[in-house]
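For reference, the structure discussed in these notes is given below.
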Amino acid sequence: MFEKVLIANRGEIAHRIAQVLRAHGVRSVAVYSEADAQAPHVKAADEAICIGPPPVAQSYLNQAKILEVARQTGAQAIHPGYGLLSENAGFARAVAEAGLVFVGPTPEAIEGMGDKAQARATAQAAGVPVVPGSDGPVTDDAHAAALAEAMGYPVLVKAAAGGGGIGMQQVKKAAKLKRALQSCRDRGASSFGNDAVYLEKYIESPRHIEVQVLFDHHGHGVHLFERECTLQRRHQKVVEEAPSPFVERTPGLREGLTQAALAAARAIGYRNAGTVEFIVGPDGQFYFIEMNTRLQVEHPVTEAITGVDLIGWQLRIAAGEPLTLQQADLAISGAAVECRLYAEDPARKFMPQPGHLGAFVPPTGEGVRVDVGVTAHQPVTPYYDPMIAKLMAVAPDRATALARAKSALEGFVIEGLTTNRDFVAEVLGTPEVQAGDFDTGWLENYAKGR
Ligand code: ADP
């Protein structure tokens with residue numbers, strides 16, 4: 001294991017990584033921007049270094065500065081968390097060139113899965129079903145129109161370098177395709193510096209279900225079952241759970257998904273923790289959509305039902321240790337749910353609502369864990385993702401986990417900011433969520449109908 005690790009991130013995930021490092025007896029180095037001097041991740045780390053002004057380009061994305069801090073502090077490895085530099089193959093390479101360890105997969109695996117059009121081809125070659133769509137990026141509008149016609153509308157136009165649902169457009173009829181292609185190209189260019197787009201058939205009434213995998217450097221890998229991430233707004237997850245209620249009631253689906261996930265990961269020589277994402281139709285047909293080559297926001301629900309310390313394993317694997325978990329020893333125990341708390345307004349299309357936080361008292365209780373990214377009486381700035389905390393509840397059964405999450409949310413004191421807390425608590429009590437009966441459009445529709 002390492003002696004000292006730098007955490008190149010902020011918010012709840014940097015805070016959590018610092019706690020896990022402490023639990024493993026590893027010293028931690030936090031980096032922070034001028035906006036985050038009071039942030040929990042700064043206080044939780046053994047050392048903390050300010051790396052620049054609030055905008056991420058000048059702080060959390062400043063690779064040279066982060067590498068310099070790693071050298072100065074004597075860190076041996078860098079944990080990138082999620083978002084920010086976590087899926088930046090150039091950064092992973094620069095870390096290695098500086099003689100440090102990047103806690104994640106190889107730069108080649110990041111690149112191979114980072115181009116989503118290429119990732120589709122890799123998955124397909126490994127025998128994993130993909131959503132019907134274009135073979136690689138589409139450059140010619142007439143060709144795109146012919147493909148869409150052949151697949152049948154609705155179709156999705158997606159940015160090849162996409163993430164966070166950015167640029168993605170659903171197109172219901174041919175007349176709207178050209179405009180959607182152009183706007184997706186523009187968003188891809190401005191957000192990811194890459195204007196390549198590709199087409200996928202839009203799977204009606206879909207669920208988003210994903211599989212967690214862990215691979216070591218010695219060719220050994222396991223899956224840690226699935227997560228249900230269907231409750232979304234703007235193509236971004238809000239409530240996640242494990243196991244998936246849909247997988248639980250669909251014979252053979254868990255086996256199909258988990259074997260496909262392992263095959264996709266093996267096809268790219270995957271190392272460390274990763275997640276293979278699938279769209280699942282109401283008929284139980286599943287299709288690969290992408291692989292996230294990093295830790296996911298929602299990893300705690302997997303930890304809760306398997307008892308596996310995912311961040312701990314990320315660190316041990318990065319240090320070259322063998323993965324000693326065996327598939328046959330892994331089992332699902334109970335049910336877990338995670339609610340993402342955002343400074344946003346569900347009544348106004350979930351628009352971010354930065355502001356000044358007043359009192360902030362996370363709930364405690366049996367089976368409840370809260371990972372926080374903020375402290376009381378602090379500004380929540382528009383510079384970063386508006387997620388301020390994650391609340392997890394685990395219980396022997398799903399109904400109790402949902403009930404625990406709901407009452408914990410109701411007892412969560414958050415003053416001074418508009419958040420989605422009450423909305424999420426209400427959602428957990430709906431008959432659809434209680435029955436596990438929803439698709440990826442359900443949450444937004446529910447918000448509209450309130
Ligand atoms: P991103 O990388 O931008 O997050 P994804 O490809 O992971 O994009 O898709 C994000 C979400 O968009 C999914 O969780 C799902 O709700 C929806 N989605 C993606 N592809 C499809 C599809 N082919 N059919 C229906 N919904 C889809």
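In each ligand, atom 1 is the first atom listed, and ligand 1 is the first ligand listed.
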In Å, rounded to the nearest 0.5 Å, how long is the span from CE of M291 to CZ of F278? 9.5 Å
Just checking, any donor-acceptor pair under 3.5 angstrom between side chains of N62 and Q58? no
Could you tell me if R421 sits above the aromatic ring of Y342, with its cationic atom closer than 6.0 Å to the ring centre and no more than 45 degrees from the axis? no
For the residue pair F360 and F412, does the interplanar ring angle fall in the parallel (under 30°), tilted (30 to 60°) or perpendicular (over 60°) class? tilted
Is it the case that ligand 1 has an N or O less than 3.5 angstrom from some N or O of I203? yes
Do R249 side-chain atoms and G436 backbone N/O form a donor-acceptor pair below 3.5 Å? yes
Can you tell me if K158 has a non-hydrogen atom under 4.0 Å from ligand 1? yes
Residue that, paired with T275, satisfies side chain to side chain donor-acceptor pair (under 3.5 Å) out of E210, R227, E298: R227
Judged on heavy-atom distance to atom 5 (P) of ligand 1, which of E200, K116, K237, H235 sits nearest? K116
Could you list which atoms of ligand 1 come closer than 4.0 Å to a heavy atom of T440? 16 (O)
Enumerated ligand 1 atoms positioned under 4.0 Å from heavy atoms of V131: 23 (N)
Could you check whether R234 and Q232, counting side-chain N and O atoms only, form a donor-acceptor pair closer than 3.5 Å? no
Can you name the atoms of ligand 1, numbered from 1 with element, that are less than 4.0 Å from a heavy atom of E277? 7 (O)
Parallel, tilted or perpendicular, as decided by the 30° and 60° cut-offs, for the rings of F350 and F423: perpendicular
Using the ring centroid of each side chain, check whether F438 and Y446 are separated by less than 6.0 Å. no
Would you mind finding which of P132, A159, G165, A161 brings a heavy atom closest to atom 1 (P) of ligand 1? G165
Considering distance alone, does some N or O of G164 sit under 3.5 Å from an N or O of ligand 1? yes
What is the nearest protein non-hydrogen atom to atom 21 (C) of ligand 1, stated with its residue, atom name and distance? L156 CD1, 3.1 Å
With heavy atoms only and a cut-off of under 4.0 Å, state how Q236 meets ligand 1: side chain, backbone, both or neither. neither
Numbering the atoms of ligand 1 from 1, which are under 4.0 Å from a heavy atom of P206? 25 (C), 26 (N)
What are the atoms of ligand 1, with element, lying closer than 4.0 Å to any heavy atom of G163? 1 (P), 2 (O), 3 (O)
Which protein non-hydrogen atom lies closest to atom 15 (C) of ligand 1, naming both residue and atom, and how far is it? I279 CD1, 3.6 Å
Starting from atom 10 (C) of ligand 1, locate the nearest protein heavy atom and write down its residue, its atom name and how far away it is, to 0.1 Å. M168 CE, 3.7 Å
Closer than 4.0 angstrom: is that true for some heavy atom of K201 and an atom of ligand 1? yes
Enter the distance from Q314:CD to L214:CG here, rounded to the nearest 0.5 Å. 7.5 Å
Report the part of T230 in contact with ligand 1, treating N, CA, C, O as backbone and CB onward as side chain, heavy atoms under 4.0 Å; options are side chain, backbone, both, neither. neither
With the side chain counted from C-beta on, respond yes when L341 and L409 share a heavy-atom pair under 4.5 Å apart, and no when they do not. yes
Nearest candidate to atom 16 (O) of ligand 1, where distance is taken over non-hydrogen atoms, out of E290, Q232, H208: Q232
Give yes or no for whether the N/O distance cutoff of 3.5 Å, strictly under, is met between Y202 and ligand 1. no
